[in-house]
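As structure tokens, the structure follows; a few thoughts come after it.
Numbering starts at 1 and runs along the sequence shown.
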Amino acid sequence: MGTIKLTPRLSKDAYSEMKRAYKSYAKALPGLKKIGISSVLLRKIIGSLEVGCGVVLTLVPGRPKDVANFLLLLVMLAVLFFHQLVGDPLKRYAHALVFGILLTCRLLIARQSDDRPEREDTREELQINDQERNKVKQS
């Protein structure tokens, strides 16, 4: 979706629809105009973040992947906010909602796997302590 926001090469119809949608988002948020963010700049910022975070999620392991996941989740929340602000029907933003849920699940799973090695270390220490107690009892 980020590529469609940036260039009409994939689909001219989808690109023109994105341009139209972002014009309505910019109209609904007059504060953006005051700080110098036009609908074109907003569309390009969000599209670039989507493409950049997507590349990092795909190619880079470790902590940068989690940061990209979090940034993309924030972008999805902003997009959902824009859709709600202009009163779009659910079918117009269902893809962003589902993708946001998937990003949240991925972030939670990644977070759980970060905590897991500490628990395994603790289990191993407990087993060693139990074995040492058994040795003391036997002698």
Side-chain angles (χ1 to χ4, degrees):
M1 293 302 291
T3 307
I4 291 173
K5 291 177 177 95
L6 296 174
T7 180
R9 288 184 183 167
L10 292 179
S11 170
K12 290 182 182 182
D13 293 337
Y15 179 74
S16 3
E17 179 60 28
M18 286 292 175
K19 284 172 59 174
R20 186 203 59 74
Y22 275 86
K23 283 180 185 176
S24 67
Y25 303 153
K27 285 180 187 175
L29 289 168
L32 290 176
K33 197 71 162 176
K34 290 179 185 175
I35 59 173
I37 297 178
S38 66
S39 64
V40 174
L41 184 59
L42 180 65
R43 180 173 41 87
K44 288 185 178 187
I45 289 170
I46 291 179
S48 298
L49 278 171
E50 287 178 0
V51 169
C53 290
V55 167
V56 171
L57 275 171
T58 306
L59 301 176
V60 180
R63 185 63 65 189
K65 184 178 270 196
D66 294 337
V67 171
N69 190 141
F70 183 72
L71 287 174
L72 202 50
L73 183 58
L74 290 178
V75 169
M76 287 302 112
L77 290 173
V79 167
L80 289 172
F81 172 73
F82 292 152
H83 282 291
Q84 285 294 309
L85 190 64
V86 296
D88 283 342
L90 178 63
K91 69 179 184 175
R92 297 248 331 162
Y93 62 89
H95 66 282
L97 184 62
V98 170
F99 192 58
I101 291 169
L102 289 173
L103 286 169
T104 303
C105 291
R106 193 228 160 262
L107 200 59
L108 290 173
I109 290 169
R111 186 74 193 134
Q112 284 180 347
S113 65
D114 287 348
D115 292 343
R116 192 165 288 204
E118 294 173 9
R119 291 180 185 162
E120 289 176 3
D121 291 343
T122 307
R123 287 182 192 155
E124 289 175 6
E125 289 173 6
L126 289 174
Q127 288 174 351
I128 292 171
N129 288 339
D130 287 342
Q131 289 173 354
E132 288 176 2
R133 284 186 203 148
N134 289 338
K135 288 179 184 176
V136 172
K137 288 180 184 177
Q138 291 174 358
S139 51

Practice problem: Not counting sequence neighbours, which residues clear side chain to side chain contact (heavy atoms under 4.5 Å, CB included) with Leu57? List them please. | Solution: Lys65, Ala68, Asn69, Leu72, Leu103, Arg106
Quiz item: Of all heavy-atom pairs between Lys44 and Leu6, which one has the smallest distance, and what is that distance?
Solution: O-CD2, 3.6 Å
Quiz item: If every non-hydrogen atom of Ala21 is compared with every non-hydrogen atom of Arg92, which pair is closest and at what distance?
Solution: CB-NH2, 4.0 Å
Quiz prompt | Fellow cluster residues of Val40, listed by chain then number, with links counted only when side-chain atoms sit under 4.5 Å apart | solution = none
Quiz item: In Å and rounded to the nearest 0.5 Å, what is the CG to CZ distance from Leu108 to Arg111?
Solution: 10.0 Å
Quiz item: In terms of hydrophobic clustering (I, L, V, M, F, W, Y; side-chain heavy atoms under 4.5 Å; direct or indirect links), are Val51 and Ile4 co-clustered?
Solution: no
Exercise. List the atom of Asp66, the atom of Leu107, and the distance in Å for their closest heavy-atom pair.
Key: O-CD1, 3.9 Å
Quiz item: Residues two or more places apart in sequence or in another chain: which of them pass side chain to side chain contact (heavy atoms under 4.5 Å, CB included) with Lys33?
Solution: none
Distance-only criterion, 3.5 Å: show the donor-acceptor pairs between side-chain atoms of residues 83-90 and protein atoms not counting sequence neighbours.
from: His83; atom 1: ND1; to: Tyr25; atom 2: OH; distance (Å): 3.2
from: His83; atom 1: ND1; to: Asp88; atom 2: OD2; distance (Å): 2.7
from: His83; atom 1: NE2; to: Tyr25; atom 2: OH; distance (Å): 3.4
from: Gln84; atom 1: NE2; to: Tyr93; atom 2: OH; distance (Å): 2.5

Exercise. Applying side chain to side chain contact (heavy atoms under 4.5 Å, CB included), name anything that partners Ile37, two or more places apart in sequence or on another chain.
Key: Leu32, Ile35, Leu41, Leu42
Quiz prompt | Residue pairs passing the salt bridge (Lys or Arg N to Asp or Glu O under 4.0 Å) test where at least one lies in residues 74-84, sequence neighbours excluded | solution = none
Quiz item: Just how far is it from atom CG of Leu73 to atom CZ of Phe99, taken to the nearest 0.5 Å?
Solution: 9.5 Å
Practice problem: Name all pairs fulfilling the ring pair (Phe, Tyr, Trp, His ring centres under 6.0 Å) condition that reach into residues 43-62, sequence neighbours left out, sorted by first residue then second. | Solution: none
Self-check item: Members sharing Val67's hydrophobic cluster (side chains within less than 4.5 Å)
Solution: Leu71
Exercise. Report whether Val98 and Leu80 are members of the same hydrophobic cluster (ILVMFWY, side-chain heavy atoms less than 4.5 Å apart, transitive linking).
Key: no
Self-check item: Residue pairs, two or more places apart or on separate chains, that pass side-chain hydrogen bond (donor to acceptor under 3.5 Å, both in side chains) and touch residues 2-12
Solution: Lys5-Glu50
Quiz prompt | Summary of salt bridge (Lys or Arg N to Asp or Glu O under 4.0 Å) pairs that have at least one residue in residues 67-78, sequence neighbours excluded | solution = none
Practice problem: Identify whether Leu77 and Leu102 are in the same connected component of the hydrophobic contact network (ILVMFWY, side-chain heavy atoms under 4.5 Å). | Solution: no
Quiz item: What pairs meet the ring pair (Phe, Tyr, Trp, His ring centres under 6.0 Å) rule with one or both residues in residues 42-81, with sequence neighbours excluded?
Solution: none
Quiz item: CG/Leu10 to CE/Met1 distance, rounded to the nearest 0.5 angstrom?
Solution: 10.5 Å
Quiz item: Where do Arg43 and Tyr15 land on the side chain to side chain contact (heavy atoms under 4.5 Å, CB included) test, with the steps shown first?
Solution: CA-CA 10 Å; Arg43 180 173 41 87; Tyr15 179 74; 3.5 Å; yes
